Amino acid sequence: MSAIAGFLASPIGRKVLMALTGLLLFLFLVTHLAANLLILIDAQAYNEYSHALISNPLIYIAEIGLLILFVAHLVSGIIIYNRGRAARISAYEEHRWAGGPSSKSVASTTMILTGAFFLIFVPLHVWTFKFGTYYDAGGGVRDLHRLVIEEFQNPLMVLFYVVGMAILGFHLWHGFGSAFESLGVTHSRTLRRVGNVTAVLMAGGFAIIPLVILLTGGLR
Amino acid sequence: METGTFTLNLRVWRQANGTADGQLVEYTARNVSPDMSFLELLDVVNDDLVKQGKDPIAFDSDCREGICGSCGMVISGVAHGPQRATTACQLFMRHFEDGDTVTVEPWRAKAFPIIKDLVVDRSAFDRIQAAGGYISVDTGGAVDANEMLIPKDSAERAMDAASCIGCGACVAACKNASAELFIGAKVTQFSLLPQGQPERNRRVLAMIEQSQSEGFGPCSNEGECEAVCPKEISVAHIQTLHREYTRASLRRIFGFS
């Protein structure tokens, strides 16, 4: 047990934990996006899918698991950030990015901020939808689709979600490639590019839902 | 002004000792030849300072041919200056222009305390190396060359890793002052060779533990280290370090070593 604790408290173990929790959260987001796209395609299928999820008793275990991943990712992120700050006690008078082979970007320098945003976003998101108005679609199935359409008639709500997903994109822009590097998968330009494309697809995929609903009124 | 020479404005970090407050002091370097190295420029500035009875700028140097790793300073905001794959001693003044203002600072890291001006104490690297960056060889007659077969690919990759001169630019450039490129190079160098196998697990665990107690930070995978490395050590060595460390930790967790 102490060997496990020693690993997780080491600078590399923490990054491995960061990478694993990050990638698992990313996999959740992939399934979340795939399901959400049903909103634009088939209202009934979307409601039935969400009903199947929340009526399964295993949902509680999944939710606790997600919460643990989120908290572990957050806590190790804060510790890593603080250790990094503590390692440089005086700042450079003049400092420039080196460029060339470096992957340093606006995204990589703002990970702690883009990550912290989700500390606000996730509770608001869960509050708005999971604990939002309950509409009955008949047969004991919740009409979650109607709630989503109603919420995204508000341009401010849509703006919040589009900006939020752009922030998610920034986080993934660095986070996706960085996770594989932390796990020791050899660094490559290709991996970084895959990460960048993934970030754009994920952010764009999520952001398009509120935008389409606002512009077209959504499926009825 | 001599023909072909130019004038440079320098802002150099001056700090009397580790506990004193430091500050940037401005100097004007005249008659700078484009063929001078950056260290020779500092030599010329120091000559003037000595003639004026002032304290010359302290900086480290030894071989002045880019292989010893002694010199190191942040020039214009980049470790070893803006020229890629170059130590400060191999940075020539032809890369600068007449009237340029150039800021010169020491490596800044908690684990590299400033001794004076541009000189920092890099003995933390020595202690990391002493913690595990070695192999144990029995005494006795020297074995024949090629008795131990090493694949050419492994030998070349180990040689790439071994080209690290331990200058500390990676730490200076990293936002977290992480030493993982340095340690990664040392760990990779030994892990690829048969001579490095007996201490393989112990080495990586001990070197990382030492790095942590020296106060180096964690790696954020930005890759600034590779971009400033005068030997162009790839960040792939950091991924090797992470694999080696995770492997050694798992072996310890499951009681294999």
Side-chain angles (χ1 to χ4, degrees), chain A residues 1-16 18-19 76-77 79-105 107-109 111-112 174-175 177-189 191-192 195, chain B residues 11 13 22-24 74 76-79 82 84 103 105 108-111 113-114 171-180 204-205 208-209 211-212 215-228 232 234-236 238-247 249-250 252-255:
Chain A
M1 189 59 207
S2 67
I4 297 173
F7 176 66
L8 292 177
S10 73
I12 294 177
R14 249 184 230 118
K15 288 295 291 188
V16 168
M18 194 77 192
S76 45
I79 294 174
I80 289 166
Y81 176 75
N82 284 335
R83 290 292 161 97
R85 298 253 303 182
R88 173 154 297 123
I89 39 183
S90 63
Y92 286 107
E93 298 285 325
E94 184 180 329
H95 183 66
R96 266 190 253 172
W97 295 2
S102 175
S103 307
K104 191 172 182 130
S105 61
S108 77
T109 48
M111 291 300 275
I112 190 78
H174 175 71
S178 178
F180 286 101
E181 289 175 12
S182 289
L183 292 175
V185 177
T186 301
H187 166 87
S188 74
R189 295 256 138 199
L191 172 67
R192 284 286 174 168
Chain B
R11 296 162 74 222
W13 186 261
Q23 58 177 6
L24 288 175
V74 173
S76 298
V78 180
R84 205 161 298 291
T103 308
E105 291 177 77
R108 293 191 189 276
K110 188 186 173 200
I114 293 173
V171 173
C174 175
K175 70 175 177 189
N176 300 332
S178 171
E180 286 197 18
V204 65
L205 295 172
I208 287 297
E209 196 182 331
S211 153
Q212 209 178 357
F216 292 106
C219 173
S220 283
N221 297 321
E222 287 191 322
E224 288 285 284
C225 49
E226 177 182 335
V228 299
E232 299 183 289
S234 163
V235 290
I238 296 178
Q239 280 90 61
T240 305
L241 172 66
H242 280 223
R243 282 200 300 278
E244 289 292 316
Y245 187 82
T246 306
R247 177 184 179 274
S249 298
L250 288 174
R252 191 159 65 169
I253 288 166
F254 292 106

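Within every chain, numbering begins at 1; the chains are lettered A, B, ... in the order of the sequence lines, protein sequences first and strands thereafter. Remember, predicted model here, so these are calculated numbers, not experimental data.
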Minimum heavy-atom separation for [X] to [Y], with atom names?
{"X": "B:Arg108", "Y": "A:Tyr92", "value": "N-OH, 3.0 Å"}
{"X": "B:Phe216", "Y": "A:Ala87", "value": "C-CB, 4.0 Å"}
{"X": "A:Ser10", "Y": "B:Tyr245", "value": "CB-OH, 3.0 Å"}
{"X": "A:Thr109", "Y": "B:Lys175", "value": "CA-NZ, 4.0 Å"}
{"X": "A:Gly84", "Y": "B:Pro218", "value": "N-CD, 3.6 Å"}
{"X": "B:Val171", "Y": "A:Arg88", "value": "O-NH2, 2.9 Å"}

Pairwise side-chain contact, [X] with [Y], heavy-atom cut-off 4.5 Å (strictly under):
{"X": "B:Arg84", "Y": "A:Pro101", "value": "yes"}
{"X": "B:Glu180", "Y": "A:Ile12", "value": "yes"}
{"X": "A:Phe7", "Y": "B:Leu250", "value": "no"}
{"X": "B:Val74", "Y": "A:His95", "value": "no"}

Roughly how far, to the nearest 0.5 Å, is [atom2] of [Y] from [atom1] of [X]?
{"X": "B:Ser220", "Y": "A:Met111", "atom1": "OG", "atom2": "CE", "answer": "8.5 Å"}
{"X": "A:Ser103", "Y": "B:Glu226", "atom1": "OG", "atom2": "CD", "answer": "8.0 Å"}
{"X": "A:Leu8", "Y": "B:Ile253", "atom1": "CG", "atom2": "CD1", "answer": "7.0 Å"}
{"X": "A:Ser105", "Y": "B:Glu222", "atom1": "OG", "atom2": "CD", "answer": "7.0 Å"}

> Is it true that atom NZ of B:Lys110 has more than 12 heavy atoms of other residues, nucleotides or ligands lying nearer than 6.0 Å?
Replying inline: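 Result for NZ/B:Lys110: open.
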>> With a 4.5 angstrom heavy-atom cut-off, is it the side chain or the backbone of A:Ala19 that approaches chain B, or both, or neither?
In response: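 Nothing of A:Ala19, per the 4.5 Å heavy-atom cut-off to chain B.
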> So, B:Asn221 and A:Ser182: side-chain donor and acceptor under 3.5 Å apart, yes or no?
Replying inline: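 There is such a pair (donor and acceptor under 3.5 Å, judged by atom type) between the side chains of B:Asn221 and A:Ser182.
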>> Name the residue from A:Glu94, A:Arg96, A:Glu93 that meets the side-chain hydrogen bond (donor to acceptor under 3.5 Å, both in side chains) definition with B:Thr103.
In response: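 Exactly one candidate clears the test, A:Glu94.
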Between [options], which has the largest tally of heavy atom pairs under 4.5 Å with chain A?
{"options": "B:Gly223, B:Ser234, B:Gly217", "result": "B:Gly223"}
{"options": "B:Ala173, B:Gly22, B:Ala227, B:Ala236", "result": "B:Ala227"}
{"options": "B:Ser178, B:Cys174, B:Ala111, B:Pro82", "result": "B:Cys174"}
{"options": "B:Arg11, B:Glu224, B:Arg243", "result": "B:Glu224"}
{"options": "B:Val235, B:Leu205, B:Ile238", "result": "B:Val235"}

Is [X] close to chain A through its backbone or its side chain, or both, or neither, when contacts mean heavy atoms under 4.5 Å?
{"X": "B:Gln212", "answer": "side chain"}
{"X": "B:Ala109", "answer": "both"}
{"X": "B:Cys225", "answer": "neither"}
{"X": "B:Leu24", "answer": "side chain"}
{"X": "B:Ser76", "answer": "both"}
{"X": "B:Thr240", "answer": "neither"}
{"X": "B:Ala79", "answer": "neither"}

